[in-house]
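Here is the structure we will look at.
The figures here come from the full heavy-atom set of this structure, side chains too, leaving out hydrogens, waters and symmetry mates. We number each residue from 1, following the sequence as shown. Please read these numbers as outputs of a predicted model, since none were measured by experiment.
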Amino acid sequence: MDSATGAGAAEIAFDSPFFRIYKDGRVDRFQGTDTVPPSLDPQTGVQSKDVRLSSDPDLSVRLFLPRSSVDPARKLPLLVYVHGGAFCIESPSSPIYTRHLNAVASAAGVLAVGVQYRWAPEHLLPAAYEDAWAAVRWVAAHALGERGAEAEPWLRDRADFNRVFLAGDSAGANIAQHVAARAGVEGLPGLRIVGVALVHPFFRNDEPDKLMELIFPSSSGTTDPRMNPAYNPNLGRMAGQRAVVFVAEKDHLRERGRSYYEALKKSGWEGAVEIVETEGEGHVFHLFKPGCDKAAELVKKFASFLNQQESGARQCL
């Protein structure tokens with residue numbers, strides 16, 4: 001890899017902590033590209049599998065099915081989860097996200113769908129938003145029986161399409177929130193979205209952000225409702241009846257999560273929103289320190305949110 005100094009620097013068009021773009025168009029990523037195969041996780045008993053949704057664009061998901069000790073035919077709540085990574089690294093098949101979704105699926109007893117969206121900068125935003133929307137529509141097609149012989153058996157046979165949750169962390173929380181807001185306006189026939197969980201969400205504020213300017217050139221900037229939902233006039237129509245926002249005391253995005261929480265409360269949204277703060281920890285600490293007590297507590301609270309019984313929820317039909 002070329003050095004950022006000396007003669008090699010002349011070839012560099014853009015540098016970030018996640019990737020480097022060279023003037024000839026090459027992209028080098030520094031992290032977040034490792035993957036692990038789907039498997040039966042020996043610690044949680046969760047089985048995973050990969051499913052390709054489309055070849056053009058190239059879209060896929062990783063499904064996580066928990067072991068049932070009660071009734072193996074029981075319908076399970078469905079969690080659609082969008083991974084973080086600054087829109088440009090990581091995937092549901094990376095070691096940290098496979099481990100995390102194994103833990104969440106096991107703790108909450110949910111069937112999880114980890115969405116793999118196309119990475120920036122090769123695929124500029126809003127590609128990731130459209131990919132997540134396409135994945136949720138693929139799930140909805142199963143609820144409506146539209147997949148026929150191509151139906152994914154785990155979704156067809158095990159998913160409870162009346163108890164659907166949208167969630168994500170960091171950039172993935174941003175995407176999940178956008179999908180929930182879009183679902184509230186456009187509808188998602190067949191799915192009943194009951195909750196939205198945002199973990200250490202990334203939203204823009206008034207500060208300059210060169211990375212976002214590079215990977216989202218069509219954005220209107222700090223007032224773009226996808227980047228800053230406080231500017232979304234339809235925020236109050238977001239799908240779901242409950243929402244939770246997780247923040248961390250030492251996270252540089254902490255105040256952005258709190259600002260979203262306040263904006264949602266003021267938007268006229270009819271659901272109930274809560275905020276959960278972890279003291280003494282930084283951004284997505286639970287992914288990198290999964291064995292610590294506070295990470296276990298975050299997963300426990302996430303699972304509790306997914307397991308709360310509903311008295312009714314806003315339909316996306």
Just by distance, do the side chain of [X] and the backbone of [Y] share a donor-acceptor pair under 3.5 Å?
X: Asn228; Y: Asp224; result: no
X: Arg99; Y: Leu287; result: yes
X: Lys23; Y: Phe14; result: no
X: Ser170; Y: Gly172; result: no
X: Arg29; Y: Cys88; result: yes
X: Ser106; Y: Asn102; result: no
X: Ser267; Y: Leu264; result: yes

(request) Give the ring-plane orientation class for Tyr81 versus Tyr97, where under 30° counts as parallel, over 60° as perpendicular and anything between as tilted. (result)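 Plane angle between 30° and 60°, so tilted.
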(request) Hey, can you tell me if Phe202 and Phe87 have their rings parallel, tilted or perpendicular (30° and 60° cut-offs)? (result)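 Answer is perpendicular, since the angle exceeds 60°.
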(request) Please lay out, stage by stage, how Arg20 and Asp28 fare under the test salt bridge (Lys or Arg N to Asp or Glu O under 4.0 Å). (result) CA-CA 5 Å; Arg20 176 177 296 160; Asp28 277 341; 5.9 Å; no
(message) As a test of understanding, state which of Leu40, Val46, Leu76 forms a side-chain contact (heavy atoms from CB on, under 4.5 Å) with Leu65.
(response)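 Testing each of Leu40, Val46, Leu76 against Leu65, the sole residue satisfying side-chain contact (heavy atoms from CB on, under 4.5 Å) is Leu76.
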(request) Report the residue from Val139, Leu306, Asp160 that forms a side-chain contact (heavy atoms from CB on, under 4.5 Å) with Leu78. (result)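 Exactly one pass, corresponding to Val139.
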[X] versus [Y], closest heavy-atom pair with distance:
X: Gln31; Y: Pro17; result: NE2-O, 3.1 Å
X: Leu214; Y: Ile21; result: CD2-CD1, 3.7 Å
X: Leu298; Y: His200; result: CD1-NE2, 4.3 Å
X: Gly85; Y: Ala171; result: N-CB, 4.4 Å
X: Arg67; Y: Gly45; result: CB-O, 3.5 Å
X: Trp119; Y: Glu90; result: NE1-O, 2.9 Å

Non-hydrogen side-chain atoms of [X] and [Y] separated by less than 4.5 Å:
X: Phe165; Y: Phe302; result: no
X: Val247; Y: Val276; result: no
X: Leu63; Y: Val51; result: yes
X: Leu211; Y: Ile215; result: yes
X: Phe64; Y: Thr98; result: yes
X: Tyr231; Y: Arg226; result: no
X: Val194; Y: Val164; result: no
X: His286; Y: Val299; result: no

(message) Here's one to test your reading of the geometry: is the NZ or CZ of Arg237 within 45 degrees of the ring axis of Trp269 and under 6.0 Å from its centre?
(response)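 Relative to the ring axis of Trp269, which defines the angle, Arg237 lies outside at least one limit.
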(request) Taking the six-membered ring of Tyr261 (Phe, Tyr or Trp), confirm whether the NZ or CZ of Arg258 is under 6.0 Å from its centre and within 45° of its axis. (result)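 Judged by the rule (NZ or CZ under 6.0 Å from the ring centre, within 45° of its axis), Arg258 is not positioned above Tyr261.
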(message) As a quick check of understanding, evaluate side chain to side chain donor-acceptor pair (under 3.5 Å) for Asp41 and Thr44, giving each step before the final call.
(response) CA-CA 6 Å; Asp41 181 52; Thr44 62; 2.6 Å; yes
Can you tell me how far apart [atom1] ([X]) and [atom2] ([Y]) are? Round to the nearest 0.5 Å.
X: His123; Y: Leu125; atom1: NE2; atom2: CG; answer: 11.5 Å
X: Gln116; Y: Thr35; atom1: CD; atom2: OG1; answer: 10.0 Å
X: Arg182; Y: Asn234; atom1: CZ; atom2: CG; answer: 12.5 Å
X: His142; Y: Glu146; atom1: NE2; atom2: CD; answer: 10.5 Å
X: Ser220; Y: Met227; atom1: OG; atom2: CE; answer: 10.0 Å
X: His283; Y: Phe288; atom1: NE2; atom2: CZ; answer: 8.0 Å

(request) Please name the residue in the list Arg147, Arg158, Lys49 that meets the side-chain hydrogen bond (donor to acceptor under 3.5 Å, both in side chains) test with Glu152. (result)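 Of the listed residues Arg147, Arg158, Lys49, the side-chain hydrogen bond (donor to acceptor under 3.5 Å, both in side chains) partner of Glu152 is Lys49.
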Does [atom1] belonging to [X] count more than 12 external heavy atoms closer than 6.0 Å?
X: Asp293; atom1: CG; answer: no
X: Lys300; atom1: NZ; answer: no
X: Arg137; atom1: CZ; answer: no

(message) Arg118 vs Glu130, test: salt bridge (Lys or Arg N to Asp or Glu O under 4.0 Å). Steps then yes/no.
(response) CA-CA 10 Å; Arg118 288 170 291 170; Glu130 295 303 321; over 6 Å; no
(request) Give a yes-or-no answer on whether the side chains of His83 and Ser94 include a donor-acceptor pair shorter than 3.5 Å. (result)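 Per modelled atom types, His83 and Ser94 side chains form no pair under 3.5 Å.
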(request) With salt bridge (Lys or Arg N to Asp or Glu O under 4.0 Å) as the test, would you mind laying out the steps for Glu262 and Lys265 before giving the verdict? (result) CA-CA 5 Å; Glu262 295 295 340; Lys265 286 201 302 181; 3.6 Å; yes
(request) Using salt bridge (charged side-chain N to carboxylate O under 4.0 Å, His left out) as the criterion, point out the one residue from Glu281, Glu279, Glu249, Glu277 that pairs with Arg254. (result)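 Output: one option passes, namely Glu277.
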